Amino acid sequence: MTVPSSGRWNVVVDRGGYAVNATASVRVERQRQRILLPERNSGSGSIAEIGKNLAESRSVNSGGPSHDVFISHASEDKAEVARPLHDMAVEHGLTVWLDEVHLKVGSSLRRGIDRGVANSRFAVVVLSPAFFEKNWTQYELDGLVAREMGGEQIILPIWHNISKDELLRISSSLADRIALNTGSSTLADIARDLADAVAGLAGGRAA
């Protein structure tokens with residue numbers, strides 16, 4: 001609860017009509033910072049809310065996107081895909097947003113993700129079984145869809161340990177997109193293809 005910083009405090013103990021002996025004390029603790037995990041979002045209301053957050057985030061960075069690529073992934077796919085892909089993409093001259101690089105201890109995950117999504121030209125989405133089981137990856141995907149509803153083509157999917165039939169059962173709209181696949185290409189090849197795709201879609205290779 002919100003408490004005054006000075007003045008006299010009164011503590012009231014409700015005995016509920018019973019005769020009891022009671023003691024009471026008050027202790028003021030400094031508020032602890034909490035890292036809030038985004039809740040799963042669904043429906044047009046949540047999309048609208050995310051779109052509003054993205055607009056606010058982009059207005060803060062009105063000079064344009066600060067990253068070429070945002071990597072959306074499940075934590076289970078970080079070591080095998082997301083982290084090495086980040087490093088390889090950087091070697092190709094791309095500026096890449098990855099949670100463990102840009103979010104520090106105590107940071108708000110929700111705000112950090114919103115800023116990352118809003119201020120990246122494109123989003124690499126590592127679609128895997130684990131991706132669709134996580135609430136916060138769905139939150140990221142909702143934010144990316146909100147941007148695409150505004151006419152931007154930003155989602156660059158990568159299939160990882162998932163087949164087209166499986167993806168069709170989960171999301172036919174994602175299965176219909178041309179995607180890279182870790183089952184048929186090395187991460188080095190995928191990083192090179194992503195750099196070429198970003199260069200082509202953005203009208204020139206990133207610095």
Side-chain angles (χ1 to χ4, degrees), residues 37-42 47 50 54 65 67-103 109-110 112-149 152-202 205-206:
L37 286 173
E39 297 294 333
R40 181 167 187 158
N41 289 272
S42 61
I47 289 289
I50 293 170
L54 294 180
H67 297 90
D68 294 312
V69 173
F70 175 96
I71 299 182
S72 177
H73 66 287
S75 57
E76 289 85 348
D77 303 322
K78 187 184 298 294
E80 188 175 358
V81 181
R83 188 180 295 133
L85 185 61
H86 166 275
D87 296 342
M88 293 176 188
V90 169
E91 291 178 358
H92 281 282
L94 298 179
T95 54
V96 184
W97 194 99
L98 183 66
D99 55 359
E100 67 179 13
V101 175
H102 292 89
L103 292 180
L109 289 180
R110 184 187 300 273
I113 289 170
D114 285 345
R115 283 195 298 270
V117 170
N119 296 317
S120 298
R121 289 185 177 88
F122 303 99
V124 170
V125 182
V126 183
L127 301 174
S128 70
F131 180 92
F132 292 102
E133 295 175 355
K134 301 290 184 178
N135 290 343
W136 67 276
T137 52
Q138 298 304 301
Y139 179 86
E140 291 177 354
L141 185 59
D142 283 348
L144 298 170
V145 170
R147 280 188 60 183
E148 289 208 332
M149 288 175 65
E152 299 180 82
Q153 180 185 354
I154 64 170
I155 297 177
L156 307 175
I158 295 177
W159 296 1
H160 179 60
N161 294 333
I162 196 168
S163 68
K164 185 168 185 177
D165 288 341
E166 291 172 320
L167 193 53
L168 277 170
R169 289 194 293 269
I170 301 171
S171 173
S172 58
S173 61
L174 289 174
D176 189 51
R177 294 172 182 258
I178 296 176
L180 299 170
N181 194 328
T182 60
S184 57
S185 301
T186 66
L187 286 181
D189 290 338
I190 289 175
R192 185 186 63 249
D193 290 343
L194 285 175
D196 291 341
V198 169
L201 292 171
R205 177 173 291 277

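Model, not experiment: these values are computed from the prediction. Just the heavy atoms: all of them, side chains too, but no hydrogens, waters or symmetry mates, feed the values below.
To the nearest 0.5 angstrom, Met88 atom CE is 11.5 Å from Leu194 atom CG. Here the OG1-CG distance, from Thr182 to Asn161, works out to 5.5 Å after rounding to the nearest 0.5 Å. Asp189 contributes atom CG, which lies 4.5 Å from atom CZ of Arg192 (distance to the nearest 0.5 angstrom). The CG atom of Asn181 lies 7.0 Å from the CD1 atom of Ile190; values are rounded to the nearest 0.5 Å. Taken to the nearest 0.5 Å, the OG atom of Ser72 stands 6.5 Å off from the CH2 atom of Trp136. Note that NE2 of His160 is 11.0 Å distant from CG of Leu85, once rounded to the nearest 0.5 Å.
The side chain to side chain contact (heavy atoms under 4.5 Å, CB included) with Leu156 is formed by just one residue from the set Ile178, Asp193, Val198, Leu180; it is Val198.
Within the 3.5 Å criterion, the main-chain N or O of Ile154 finds a donor-acceptor partner in the side chain of Glu148. With Thr95 contributing its side chain and Asp68 its backbone, the two residues share a donor-acceptor pair below 3.5 Å. For Thr137 (side chain) and Phe131 (main-chain N/O), a donor-acceptor pair under 3.5 Å exists by modelled atom type.
Here the shortest heavy-atom pairing between Arg147 and Val117 reads NH1-O, 2.6 Å. In terms of heavy atoms, Leu127 sits closest to Pro157 at CD1-CB, 3.9 Å. The minimum heavy-atom distance between Leu167 and Ala175, with the atom names listed, is CD2-CA, 3.7 Å. Considering every non-hydrogen atom in both Ala89 and Ala191, the closest pair reads N-CB, 4.2 Å. Nearest heavy-atom pair, Ser120 versus Trp97, reported as atom, atom and distance to 0.1 Å: OG-CB, 4.1 Å.
In this structure, the side chains of His73 and Leu98 come closer than 4.5 Å at one or more pairs of heavy atoms. The shortest side-chain heavy-atom distance between Ile162 and Pro129 falls under the 4.5 Å cut-off. Between Ser75 and Lys134 the shortest side-chain heavy-atom distance falls below 4.5 Å. Here the side chains of Ile155 and Arg177 are in contact, with some heavy-atom distance below 4.5 Å. Here the side chains of Leu174 and Phe132 are in contact, with some heavy-atom distance below 4.5 Å.
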- Message: Assess the residue pair Lys78 and Asp99 against the criterion (side chain to side chain contact (heavy atoms under 4.5 Å, CB included)); give the C-alpha distance rounded to whole Å, side-chain angles, the decisive distance to 0.1 Å, and a yes or no.
- Response: CA-CA 10 Å; Lys78 187 184 298 294; Asp99 55 359; 2.7 Å; yes

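The neighbour count for Glu76 CD, taken as heavy atoms of other residues, nucleotides or ligands under 6.0 Å away, is above 12.
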